[in-house]
Q: 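Encoded as C-alpha cells, here's the structure I'll be asking about.
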Amino acid sequence: ATHRLLTTLKSSAPALGAWVTLPGAIHARTVAQASSHLSWLIIDCEHGLISLNPGVVETVQAIEGSSSSPPSSIVRIPATGISGTDTGLGWQIKYALDAGARGVMVPMVGSAEKAREIVAEARFPPVGRRGFGSPFTPGIWGVNASEYLHSANDSIQVWVQIESKEGMQNLEEIASVEGIDALFIGPYDLSISHGLPPPSPDPHPEAEKLIQRIREVTHKAGKKCVMFCTNGEQAAKRAKEGFDMINVIIDANALSNGIGSSLATAAGQ
Ligand code: 3PY
C-alpha cells in the first residue's frame with residue numbers, strides 16, 4: 001500500500017485526518033473507508049481504548065488493508081515527552097512502529113532534549129537507534145525487509161504534541177529539532193495547562209493566541225503544523241488559516257452524533 005499522507009503533503013491541500021479511539025479491526029476498516037478525503041488516522045493509545053499490543057497491530061493491519069492507498073496510521077503513544085522520568089517512550093515507540101504504523105505522535109512534549117530522544121527511538125541508524133527486528137513490518141507495508149529498512153527512515157512521521165507550559169516555553173528549540181516532522185497542537189491540554197477553559201468547541205481568545213504562535217514558529221522552522229478540531233466547520237476554518245494537517249473528528253463522537261441526529265429527525269425534533 002502507498003502512504004496516503006505523503007502523497008497529500010506533496011499537494012497544496014491540507015491533509016485531513018480523524019481520530020480512532022475504539023478498538024477492533026472492523027471498526028478501524030470502517031473508519032478508514034469512510035472518506036477519500038482522509039489522509040491519516042490517529043490510533044489513540046493515550047486517551048483511546050486501543051492497546052499497544054496487540055491492539056495497534058490489528059488496527060494498523062485493518063487500515064493498511066482497507067484500500068490500495070489507505071490513510072496513513074499514526075499511533076499516539078501513552079508516554080509523555082515532558083519529563084526525564086517517563087521510561088515508556090522507547091518501548092512504546094518500538095511497539096507502534098514494529099506493528100507497521102506509518103508514524104508516531106508523542107503527547108506533552110516539553111523540551112528539545114525529549115524531542116531528540118523521540119527522533120532517536122523512531123529512526124534507524126545512522127539517524128537514531130531504532131532496532132531492526134520486526135518480522136511483520138515489511139509484509140504490512142508490502143515491501144521486502146531491505147526496502148523497509150531504507151524507506152522507513154525517510155517516510156516514518158514523527159509528530160510531537162505542544163500542549164503544556166513547558167512546550168510553549170521551549171517552542172522554538174523543539175521546532176528546530178532535526179527529524180521531527182510536525183508539531184501537533186492539542187488545544188484542550190494547551191488551554192487547561194495555562195489555566196484557561198477548554199475549547200467549547202472553539203478555544204478561549206488567550207488560547208487562540210498560543211495556537212497561532214505555535215503555527216508561526218513551526219512554519220518558521222520549516223516544519224508542518226497540525227491542528228486538532230472536533231468538527232468539519234472548525235477544520236475548514238483552520239485550513240484557511242494555513243495549518244498543514246487538521247484532525248476533523250473523533251470516531252466515538254461521530255458515531256454518537258450520527259445516531260443522535262437521525263433519532264432526533266425520526267422523532268420529529
Ligand atoms: C488536546 O487537545 O489536548 C489533544 O491532545 C487533542 O486530543
Side-chain angles (χ1 to χ4, degrees), residues 14-23 31 38-50 52 56 59 71 73-83 86 88-89 92-93 96 103-110 114-115 118 157-171 174 180-215 218 224-235 237-239 241 243-257:
L16 304 176
W19 219 255
V20 183
T21 63
L22 301 171
V31 176
L38 264 181
S39 288
W40 49 276
L41 291 167
I42 289 286
I43 300 172
D44 189 5
C45 299
E46 186 200 18
H47 293 303
L49 300 177
I50 301 165
L52 270 165
V56 165
T59 304
S73 45
I74 313 285
V75 176
R76 175 159 82 166
I77 64 164
T80 69
I82 279 191
S83 72
D86 194 329
L89 216 56
Q92 291 176 16
I93 290 173
V104 283
M105 179 162 90
V106 180
M108 301 271 186
V109 172
K114 273 286 160 190
I118 292 160
Q157 290 288 300
V158 182
W159 296 4
V160 295
Q161 283 197 263
I162 304 298
E163 48 179 355
S164 64
K165 276 196 165 160
E166 292 89 340
M168 285 310 297
Q169 276 152 13
N170 298 315
L171 181 59
I174 295 170
I180 295 289
D181 294 292
L183 271 62
F184 185 109
I185 302 171
Y188 287 83
D189 280 319
L190 185 67
S191 301
I192 65 171
S193 66
H194 284 80
L196 298 166
S200 61
D202 293 324
H204 184 278
E206 288 304 312
E208 189 58 39
K209 286 187 197 156
L210 302 176
I211 289 167
Q212 296 303 334
R213 191 172 151 232
I214 299 170
R215 182 179 55 74
T218 304
K224 303 288 183 194
C225 192
V226 200
M227 183 60 193
F228 178 83
C229 294
T230 51
N231 63 59
E233 292 77 29
Q234 243 183 11
K237 187 172 145 267
R238 294 301 186 185
E241 291 173 2
F243 288 91
D244 309 285
M245 299 181 253
I246 302 157
N247 183 73
V248 178
I249 190 126
I250 300 177
D251 59 353
N253 294 351
L255 190 61
S256 176
N257 295 346

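Just follow the structure's listing: the first ligand is 1, and inside any ligand the first atom is 1. Scope of the values below: all heavy atoms of this structure, side chains included, with no hydrogens, waters or symmetry mates.
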Q: Side-chain donor-acceptor pair under 3.5 Å between Asn247 and Trp19, yes or no?
A: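 Result is no, nothing qualifies.
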
Q: Taking only heavy atoms of Tyr188 into account, list the atoms of ligand 1 that are under 4.0 Å away from them.
A: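 By the 4.0 Å cutoff, the relevant atoms are 1 (C), 2 (O), 3 (O).
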
Q: So which bit of Gln161 gets within less than 4.0 Å of ligand 1, heavy atoms only: side chain, backbone, both or neither?
A: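 Within the 4.0 Å criterion, Gln161 contacts ligand 1 through side-chain atoms alone.
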
Q: Pro187 heavy atoms, cut-off 4.0 Å: which ligand 1 atoms fall inside?
A: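 Result: 1 (C), 2 (O).
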
Q: Shortest non-hydrogen contact from Pro187 to Pro199?
A: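 Heavy atoms only, the tightest pair is O-CD, 3.7 Å.
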
Q: Take every heavy atom of Arg76, measure it against each atom of ligand 1, and state whether any distance is under 4.0 Å.
A: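 Contact check Arg76 vs ligand 1: positive.
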
Q: Using a strict cut-off of 4.0 Å, indicate which atoms of ligand 1 neighbour a heavy atom of Glu163.
A: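 Those atoms are 1 (C), 3 (O), 4 (C), 5 (O).
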
Q: If the threshold is 4.0 Å, N to carboxylate O, is there a salt bridge linking Arg215 and Glu208?
A: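 Looking at Arg215 and Glu208, the cut-off is not met.
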
Q: Which atoms of ligand 1 have any heavy atom of Asp189 under 4.0 Å away?
A: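 Under 4.0 Å from Asp189, ligand 1 has these atoms: 1 (C), 2 (O), 3 (O).
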
Q: Consider only side-chain N and O atoms of Thr21 and Asp251, and report whether a donor and an acceptor are under 3.5 Å apart.
A: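 Side chains of Thr21 and Asp251: pair found under 3.5 Å.
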
Q: How far does CG of Asp244 sit from SG of Cys225, to the nearest 0.5 angstrom?
A: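 Separation between the atoms: 6.5 Å.
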
Q: Looking at atom 4 (C) of ligand 1, what's its closest protein heavy atom, distance included?
A: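 Nearest protein contact, heavy atoms only, for atom 4 (C) of ligand 1 is Gly186 CA, 3.6 Å.
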
Q: How long is the gap from NZ on Lys165 to CG on Leu210, to the nearest 0.5 Å?
A: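 It comes to 10.0 Å.
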
